[in-house]
Visitor: 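Following this message is one structure expressed as structure tokens.
Read the numbers this way: they start at 1 and go in the same order the structure lists the ligands and their atoms. Please read these numbers as outputs of a predicted model, since none were measured by experiment. This chain uses plain numbering: 1 for the first residue, then up along the sequence.
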Amino acid sequence: MIIMNKFKYYFVLLLAGLAIVSCNKSDDDKTEVAPLRDYQEQFNTDNADIEEYLKANYITVTENMDVTISAITDPATQPSIMSYLNSATFPKLLLRNIDLHGITYKMYYLVLREGIGVSPMNTDGVLTAYRGEYLKRVEKTDTEPEHLTTTFFDQLVYPKNILDLYSVIMGWSEIYPQFKTGTTTYNGDGTPNYKDFGAGVLFVPSGLGYYSAPPSSSTIPAYAPLIFSFKLYDIKRLDHENNGYSNGVLLENPDGVFDYQEDINGDGYVRDYRNTTLYPNAPVNPDDTDGDGIPDFLDHDDDGDGYTTRFELTKPTDAPFSGLSKYYPYDPVLDNPATPNIDESELWGIPRRPTGELTDPTKPESITNPRKFVPEDYTTQGRLRIHLDKTYPYQKN
Ligand SMILES: [Ca+2]
Ligand SMILES: [Ca+2]
Ligand SMILES: [Ca+2]
Ligand SMILES: [Ca+2]
């Protein structure tokens with residue numbers, strides 16, 4: 001494990017091909033290290049190297065989306081990777097602007113295939129195969145001119161575990177949401193067959209990778225751009241509220257609302273702008289209902305009414321509501337036909353502010369004279385759910 005100085009989060013790459021996870025660094029760490037390089041200057045260097053690489057290499061792709069990158073030896077038959085920039089068809093090389101460290105990174109990624117299933121959020125879990133190399137500029141010697149080399153450092157062909165995109169390098173969490181899963185079928189022996197999944201190649205400038213502090217267990221040099229080919233097989237929705245860290249261990253305390261349901265502006269991304277190293281010029285967070293700086297996906301009280309989301313989602317004990325859970329799901333849930341002896345159905349989702357009759361119709365609506373809930377309050381599409389409704393602290397009675 002390596003700590004990235006000045007970073008709230010540090011990144012760990014387990015080279016056994018298992019997981020890429022992050023932890024938290026205590027703020028009182030006073031370890032002296034060399035000053036970090038300037039982010040913009042380093043990005044300019046990385047980007048020049050990446051662009052040179054994209055122009056000097058071509059790809060071959062198998063039917064199963066295994067990609068090989070090779071140096072161009074015959075430009076007539078080997079179109080450069082750069083030649084796919086904004087192509088109308090696949091493969092398609094795209095650029096994404098990523099605001100981080102007070103600069104705007106422009107990150108190249110190659111879409112071999114988009115996929116046909118669902119896209120992860122930038123904080124969801126992914127089941128992904130990948131292969132990683134780092135890019136390095138080798139200075140001129142007496143025998144060789146200056147040139148770029150790539151060096152293999154890690155590969156996972158048969159992933160079994162979910163990787164949390166909130167805990168991996170930013171180059172992954174920003175770009176995976178641009179791809180979709182495919183379909184999965186299982187062989188007689190239980191092994192999976194993945195089809196039509198999204199597949200691509202990430203060209204990660206070091207600022208969106210490990211920057212000055214690659215994992216000590218890896219061979220990656222400091223400030224190395226990274227190249228990952230990957231296949232997105234499946235995703236897992238995650239729910240990230242926590243109670244901070246204790247001795248480096250994340251104390252999880254989810255509120256029962258998945259991160260993708262807390263993406264208020266629906267752009268597929270949620271971010272924690274409180275980290276001023278990552279976001280020195282943070283904009284107003286569009287995914288922070290009460291505006292207290294804690295984004296909804298990490299906020300135990302999204303609407304700031306003093307009552308936790310968890311409390312607000314608890315089903316009343318005296319009502320004939322359906323379902324196994326103590327808590328309302330975000331939306332009604334259908335029974336799972338694979339488990340005929342268990343009825344998982346939840347007929348009621350998280351309610352909106354009630355719209356039925358007043359408790360006492362002779363008096364105006366107030367906290368002590370609320371309207372009654374009607375069935376539509378639990379099911380209407382697009383309703384503003386109570387834990388996000390700043391106008392109605394209905395629990396305060
Ligand atoms: Ca949540
Ligand atoms: Ca968002
Ligand atoms: Ca908040
Ligand atoms: Ca609340």
Side-chain angles (χ1 to χ4, degrees), residues 8-9 22 24 118-126 162-168 173 177 235-245 249-276 278-279 282-316 323 325-333 346 348-354 366-368 370-371 373 377-378 382-397:
K8 260 270 200 279
Y9 304 100
S22 96
N24 184 276
V118 289
S119 293
M121 288 272 300
N122 65 322
T123 60
D124 278 332
V126 292
I162 294 288
L163 294 183
D164 181 348
L165 287 181
Y166 191 43
S167 305
V168 300
S173 51
I235 72 164
K236 180 177 168 56
R237 297 302 192 181
L238 297 179
D239 183 4
H240 269 103
E241 280 86 1
N242 59 63
N243 283 336
Y245 289 83
V249 176
L250 182 66
L251 303 176
E252 293 182 40
N253 183 17
D255 68 356
V257 183
F258 290 114
D259 290 3
Y260 81 99
Q261 295 162 333
E262 311 219 49
D263 173 22
I264 304 304
N265 73 345
D267 67 350
Y269 293 81
V270 290
R271 298 190 174 87
D272 184 1
Y273 290 138
R274 291 173 297 170
N275 184 330
T276 54
L278 296 180
Y279 305 104
V284 172
N285 197 325
D287 303 317
D288 176 12
T289 294
D290 60 7
D292 67 352
I294 308 171
D296 285 12
F297 82 106
L298 298 175
D299 198 337
H300 288 108
D301 176 12
D302 299 319
D303 59 353
D305 66 356
Y307 289 86
T308 63
T309 299
R310 189 61 128 168
F311 178 75
E312 290 167 316
L313 305 194
T314 304
K315 294 173 183 171
S325 174
K326 268 178 72 179
Y327 307 100
Y328 292 114
Y330 196 74
D331 272 319
V333 175
E346 294 274 352
W348 310 76
I350 299 170
R352 68 184 170 194
R353 174 178 176 162
S366 70
I367 288 172
T368 54
R371 292 187 181 279
F373 286 98
D377 293 332
Y378 299 87
R383 65 193 180 284
L384 180 60
R385 291 158 176 85
I386 45 171
H387 67 293
L388 300 176
D389 192 341
K390 289 182 282 192
T391 71
Y392 197 69
Y394 85 111
Q395 302 284 5
K396 287 181 178 171
N397 58 14

Visitor: Is the shortest side-chain heavy-atom distance between E312 and L388 below 4.5 Å?
Guide: no
Visitor: Do K390 and D303 sit within salt-bridge range, that is, some charged N less than 4.0 Å from a carboxylate O?
Guide: no
Visitor: Evaluate the ring planes of F297 and H240, with Trp represented by its six-membered ring, and classify them as parallel (under 30°), tilted (30 to 60°) or perpendicular (over 60°).
Guide: perpendicular
Visitor: Just do the side-chain contact (heavy atoms from CB on, under 4.5 Å) check on T123 and D259 with the steps written out, would you?
Guide: CA-CA 7 Å; T123 60; D259 290 3; 2.8 Å; yes
Visitor: If the condition is side-chain hydrogen bond (donor to acceptor under 3.5 Å, both in side chains), which residues does R310 pass it with, not counting sequence neighbours?
Guide: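 In terms of side-chain hydrogen bond (donor to acceptor under 3.5 Å, both in side chains), with neighbours along the sequence ignored, R310 is linked to no residue.
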Visitor: Please calculate the OD1(D290)-the Ca ion (ligand 3)-OD1(D288) angle and round it to 10 degrees.
Guide: 80°
Visitor: Which of the N/O/S atoms in D292 sits closest to the Ca ion (ligand 3)?
Guide: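 Going through the N, O and S atoms of D292 one by one, OD1 ends up nearest to the Ca ion (ligand 3).
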Visitor: Restricting to N, O or S, what is the name of the atom of D301 that lies nearest the Ca ion (ligand 4)?
Guide: OD1
Visitor: Tell me which N, O or S atom of D305 sits nearest to the Ca ion (ligand 4).
Guide: OD1
Visitor: In the shown structure, where waters are left out, how many protein N, O or S atoms lie under 3.0 Å from the Ca ion (ligand 1)?
Guide: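 For the Ca ion (ligand 1), the figure is 6.
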Visitor: With sequence neighbours excluded, what pairs up with Y260 under the ring-ring contact (aromatic ring centres under 6.0 Å, His included) test?
Guide: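 For Y260, no residue satisfies ring-ring contact (aromatic ring centres under 6.0 Å, His included) once neighbours in sequence are set aside.
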Visitor: Give the name of the N/O/S atom in D299 that lies closest to the Ca ion (ligand 3).
Guide: OD2
Visitor: Pairing donors with acceptors under 3.5 angstrom, does anything connect the side chains of T309 and D302?
Guide: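 On atom types as modelled, these side chains qualify, holding a pair under 3.5 Å.
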Visitor: By the side chain to side chain donor-acceptor pair (under 3.5 Å) test, which pairs, at least two apart or in different chains, include something from residues 283-294?
Guide: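 Passing the test, one end in residues 283-294: T289-D296.
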Visitor: Is G291 close enough to the Ca ion (ligand 3) that one of its N, O or S atoms comes in under 3.0 Å?
Guide: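 Checking G291: none of its N, O or S atoms is under 3.0 Å.
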Visitor: The Ca ion (ligand 4) and E312: any N/O/S contact shorter than 3.0 Å?
Guide: yes
Visitor: Look at the rings of Y328 and Y378 and say which category their plane angle falls in: under 30° parallel, 30 to 60° tilted, over 60° perpendicular.
Guide: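 Tilted.
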Visitor: When you measure from the side chain of D263 to the backbone N and O of D267, does any donor-acceptor pair fall under 3.5 Å?
Guide: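 Between the backbone of D267 and the side chain of D263 there is a qualifying donor-acceptor contact (under 3.5 Å).
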Visitor: So which N/O/S atom does D303 have closest to the Ca ion (ligand 4)?
Guide: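 Going by distance to the Ca ion (ligand 4), the closest N, O or S atom in D303 is OD1.
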